[in-house]
Trainee: 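Mind having a look at this structure? Questions to follow.
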Number of protein chains: 2
Amino acid sequence: MDLSSIEIFLAVAADRSVTKAAKAVGRVPSNVTTRIQQLEDYLGVLLFSRDGKKMTLTREGETFLTYADRLAALALEARQAVRPMRPSGTLRVGTMESTAASRLPAALSRFNQMWPDVSLQLSLGASRDLARDVLREALDCALIARPPGTMLDEDAGFEAELMELEAEPVFVEDLVLVLPPGHPSIRSAADLRVGSLAALEPGCTYRRIAESWARKSSALHTTELGSYHAILASVATGNAAGVMPKSVLDLMHWPVASPTHPLAKVETILIYRKSDRSGAFDVFHEVLEASKGSRLMAS
Amino acid sequence: MDLSSIEIFLAVAADRSVTKAAKAVGRVPSNVTTRIQQLEDYLGVLLFSRDGKKMTLTREGETFLTYADRLAALALEARQAVRPMRPSGTLRVGTMESTAASRLPAALSRFNQMWPDVSLQLSLGASRDLARDVLREALDCALIARPPGTMLDEDAGFEAELMELEAEPVFVEDLVLVLPPGHPSIRSAADLRVGSLAALEPGCTYRRIAESWARKSSALHTTELGSYHAILASVATGNAAGVMPKSVLDLMHWPVASPTHPLAKVETILIYRKSDRSGAFDVFHEVLEASKGSRLMAS
DNA sequence: AGGAAAAGATCTCAATTTTGGAATAAAATG
DNA sequence: CATTTTATTCCAAAATTGAGATCTTTTCCT
């Protein structure tokens with residue numbers, strides 16, 4: 001039993017899917033399957049029940065999950081505890097609105113407990129702006145959306161900027177379009193029966209992806225809103241389709257079952273300047289790494 | 001970082017020697033070295049300082065030791081927690097006096113906490129008798145000394161009995177001769193300036209090893225005593241040399257620095273009947289396995 | 001001192017394990 | 001009923017591990 005098996009198990013348990021977990025931990029599905037099977041026969045017990053293609057935790061799997069969580073946390077703590085230099089100072093982290101809402105809280109609170117001497121300065125913004133700020137050394141690192149291959153052509157400048165920086169995949173988001181309750185399901189933008197897309201600021205990669213998708217078959221304009229709450233409110237009026245990662249939607253207790261339409265899978269990457277990595281950055285990076293597989297919140 | 005690395009680290013930390021640790025965990029020294037080095041560069045820190053052949057924990061190593069202990073304990077608990085059947089009933093365990101004194105207490109107390117439903121019945125005795133009792137099904141398993149190769153010829157019957165049973169190495173003991181304070185160091189039994197060997201009952205393998213060693217160059221008789229305390233008291237009189245594993249000697253706060261003479265390395269093995277293994281036995285076996293590398297006591 | 005002897009590190013090579021990719025099978029979706 | 005999604009199996013390549021032999025250093029014992 002080694003820690004990577006635990007990490008993999010955690011990811012599968014969180015996503016209830018081998019394929020998603022594989023993406024989350026940066027491996028190939030067959031490998032994930034193998035590791036889970038190894039874990040199962042090391043423990044002598046079935047961790048998941050596979051009825052069809054659904055992976056659900058067995059009773060024993062649930063039990064093991066609590067241990068796996070503690071094991072992973074303890075191992076992370078051990079690694080950090082032996083670090084010879086105690087990092088301190090300020091770390092300036094840029095992040096997208098969505099990441100700040102869904103994936104960061106758990107990691108940040110753990111980081112804070114572990115390294116009270118590091119003061120974390122969080123800046124929210126659009127991917128584009130964040131990347132520029134990292135380059136300008138106004139930020140030490142940032143979590144941004146990696147534009148999918150098809151979009152890179154449209155914005156060669158952005159791509160060039162990214163090439164200057166180190167980049168590492170951290171999360172994978174399911175970008176979806178949230179439709180008003182009762183809206184019939186759609187195949188393409190042409191089926192939309194709303195007046196506009198509701199999204200964040202122009203530099204937002206998610207917005208750009210949605211717009212580029214919509215352009216193919218319709219001529220919707222975009223309503224710019226300041227927050228995901230505002231977007232959802234706007235969707236509730238029936239006049240707009242909201243753009244956001246599924247993880248953000250899951251986070252809000254959206255009262256009605258809105259139909260959603262998947263737009264794309266978008267990687268969230270951590271970018272930083274290779275040249276100057278402080279001790280504070282190293283530990284932040286490690287804590288982030290450890291939260292890859294885990295569930296969103298303590299739940 | 002995987003659990004076997006942790007187990008290996010624990011063993012090296014406990015013994016402060018790669019070779020001893022290698023024996024304890026049943027591996028080859030080069031392997032132990034490699035694993036420690038891997039651990040060190042995974043953590044980015046030196047765990048041991050090697051001044052000469054002494055392996056001493058660095059400050060970081062000490063820190064990591066506390067985590068390693070917790071990690072190993074947690075992993076063991078996890079493995080046991082997912083066991084589908086909760087074992088219960090009675091488990092009859094035979095053990096040598098020496099093992100009961102030095103190596104078992106930690107394991108037994110952990111076992112008790114983990115499986116309060118299993119009542120453990122401990123029988124003390126000599127290896128020979130214990131083996132017979134396991135065969136006769138008067139015991140479920142026993143911890144006995146494996147007679148070294150050279151002694152098997154003298155006792156073909158014992159060997160034959162052992163062949164009927166499953167056997168697995170669990171500990172390695174340094175069998176030593178404890179000499180009275182002030183006794184000059186010896187090369188062979190001929191240098192002994194005492195009247196007798198002080199040992200336990202005749203069936204005791206340790207005693208038989210010592211006697212067979214003594215026979216080669218001297219004609220000492222053996223004083224039979226009932227306990228290791230009695231043996232040490234007898235050594236203190238100056239008239240006898242005591243026979244016991246080093247771990248037992250270390251355990252007693254023997255006031256003076258008695259010279260000791262190493263007699264042999266003797267494996268302690270767990271024997272049981274392959275045919276009937278209860279659930280209770282399986283978990284006992286696992287707890288024992290986990291305590292292989294760890295230090296003797298909580299200390 | 002000098003010279004074994006012992007212990008740890010290191011090197012090399014074989015065996016095992018792990019990994020990623022393609023192909024396959026099974027199940028859900030529409 | 002076809003299409004897509006998902007887990008798994010199989011296979012080859014890569015990485016890790018484990019064992020023996022050798023080398024170096026220290027310790028211990030004349």
Side-chain angles (χ1 to χ4, degrees), chain A residues 1-9 11-42 46-58 61 169 172 174 176 184-188 191 246 259-262 264-265, chain B residues 1-9 11-13 15-42 46-58 61 172 174 184-188 191 259-262 264-265:
Chain A
M1 182 159 64
D2 81 322
L3 286 179
S4 50
S5 305
I6 301 262
E7 196 193 337
I8 291 171
F9 167 76
V12 177
D15 293 334
R16 284 185 293 291
S17 149
V18 170
T19 355
K20 295 224 190 82
K23 282 215 150 188
V25 299
R27 287 156 191 272
V28 100
S30 69
N31 191 16
V32 171
T33 300
T34 311
R35 298 297 285 267
I36 295 293
Q37 286 172 344
Q38 284 175 351
L39 207 50
E40 285 179 328
D41 67 59
Y42 170 71
L46 243 46
L47 260 15
F48 295 93
S49 74
R50 292 90 158 161
D51 349 298
K53 69 182 169 190
K54 280 271 190 304
M55 303 280 287
T56 52
L57 283 167
T58 58
V172 181
D174 252 321
V176 298
S185 67
I186 63 176
R187 301 222 52 123
S188 76
D191 302 333
K246 185 152 179 314
T260 62
H261 177 75
K265 300 228 186 258
Chain B
M1 181 158 67
D2 80 321
L3 286 180
S4 51
S5 305
I6 301 259
E7 196 193 334
I8 291 171
F9 166 76
V12 176
D15 293 335
R16 284 185 292 291
S17 150
V18 169
T19 3
K20 293 223 192 80
K23 282 216 151 190
V25 299
R27 286 159 194 272
V28 99
S30 72
N31 190 15
V32 172
T33 300
T34 312
R35 300 297 284 267
I36 295 291
Q37 284 173 343
Q38 283 174 348
L39 205 51
E40 284 179 330
D41 68 59
Y42 170 72
L46 243 46
L47 260 15
F48 294 93
S49 72
R50 292 91 160 159
D51 351 296
K53 70 180 167 189
K54 282 270 188 301
M55 302 279 287
T56 52
L57 283 167
T58 58
V172 181
D174 253 319
S185 66
I186 63 175
R187 303 223 48 128
S188 75
D191 303 333
T260 63
H261 178 75
K265 301 230 186 258

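In what follows, every chain begins at residue 1, and chains take the letters A, B, ... in the order their sequences are listed. Given the structure is predicted, the values throughout are model-derived calculations rather than measurements.
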Trainee: For the residue pair Leu57(A) and Ala13(A), what are the closest heavy atoms and their distance?
Mentor: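 That closest heavy-atom pairing would be CD1-CB, 4.1 Å.
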Trainee: Could you check if a side-chain atom of Met1(B) sits within less than 4.5 angstrom of a side-chain atom of Asp2(A), using non-hydrogen atoms only?
Mentor: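 No; the side chains remain at least 4.5 Å from each other.
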Trainee: Whole Å only: how far is the CG atom of Asp191(B) from the P atom of dC29(D)?
Mentor: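 Roughly 13 Å, once rounded to whole Å.
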Trainee: Whole angstroms only, please: what is the NZ-C1' distance between Lys20(B) and dA6(C)?
Mentor: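 Rounded to the whole Å, the gap is 11 Å.
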Trainee: Do Arg35(B) and Ser4(B) get their side chains close enough for a donor-acceptor pair, meaning under 3.5 Å?
Mentor: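 Side-chain D/A pair, Arg35(B) to Ser4(B): present.
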Trainee: Return the polar atom pairs (N/O with N/O) between nucleotides 25-30 of chain C and the protein under 3.5 Å, or none.
Mentor:
none

Trainee: Nearest-Å distance, CG (Asp15(A)) to C1' (dA7(D))?
Mentor: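 After rounding, the reported distance stands at 15 Å.
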Trainee: In whole angstroms, how far is the C1' atom of dA6(C) from the CE atom of Met55(B)?
Mentor: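 To the nearest whole Å, that distance equals 16 Å.
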Trainee: Just the rounded figure in Å: distance from C1' of dT18(C) to CD1 of Ile8(A).
Mentor: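 Result: 10 Å.
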Trainee: Gln37(B) has an atom CD; how far is it from atom C1' of dT10(C), in whole Å?
Mentor: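 Spelled out: CD on Gln37(B) to C1' on dT10(C) is 8 Å.
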Trainee: Any luck finding a side-chain donor-acceptor pair between Asn31(A) and Thr34(A) under 3.5 Å?
Mentor: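 No, Thr34(A) and Asn31(A) have no side-chain donor paired with an acceptor closer than 3.5 Å.
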Trainee: For the atom pair OG (Ser5(A)) and CD (Gln37(A)), what is the distance rounded to the nearest 0.5 Å?
Mentor: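 Rounded to the nearest 0.5 Å, the OG-CD separation comes out at 12.5 Å.
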Trainee: If every non-hydrogen atom of Phe9(B) is compared with every non-hydrogen atom of Leu39(B), which pair is closest and at what distance?
Mentor: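 Scanning both residues completely, I find the closest heavy atoms to be CB-CD2, 3.7 Å.
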Trainee: List the residues meeting side-chain hydrogen bond (donor to acceptor under 3.5 Å, both in side chains) with Arg50(A), not counting sequence neighbours, and say none if there are none.
Mentor: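 Scan of Arg50(A) (side-chain hydrogen bond (donor to acceptor under 3.5 Å, both in side chains), adjacent residues dropped) gives Glu40(A).
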Trainee: I'd like to know if the side chain of Ser49(A) pairs up with that of Thr58(A) as donor and acceptor (distance under 3.5 Å, no hydrogens or angles considered).
Mentor: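 Per modelled atom types, Ser49(A) and Thr58(A) side chains form no pair under 3.5 Å.
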Trainee: Given side-chain contact (heavy atoms from CB on, under 4.5 Å), test Thr260(A) with Lys246(A) step by step and report yes or no.
Mentor: CA-CA 9 Å; Thr260(A) 62; Lys246(A) 185 152 179 314; 5.7 Å; no
Trainee: Enumerate all atom pairs, one protein N or O and one N or O from nucleotides 10-17 of chain D, separated by less than 3.5 Å.
Mentor:
unit_1, atom_1, unit_2, atom_2, d
dT17(D), OP2, Gln38(B), OE1, 3.1
dT17(D), OP2, Gln38(B), NE2, 2.3

Trainee: Between Leu47(A) (CG) and dA7(D) (P), how many Å, whole number?
Mentor: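 In whole Å, dA7(D) P lies 15 Å from Leu47(A) CG.
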Trainee: Return no unless some side-chain N or O of Thr19(A) is found under 4.0 Å from OP1 or OP2 of dT5(D).
Mentor: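 No, because none of the side-chain N or O atoms of Thr19(A) sits under 4.0 Å from OP1 or OP2 of dT5(D).
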Trainee: As a test of reading the structure: which of dG21(C), dA7(D), dA9(C) is closest to the side chain of Val28(A), going by heavy atoms?
Mentor: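 The listed nucleotide nearest to Val28(A)'s side chain is dG21(C).
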Trainee: Give the rounded distance in Å between these two atoms: CZ of Arg16(A) and C1' of dA7(D).
Mentor: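 Atom-to-atom, Arg16(A) to dA7(D), this comes out as 16 Å.
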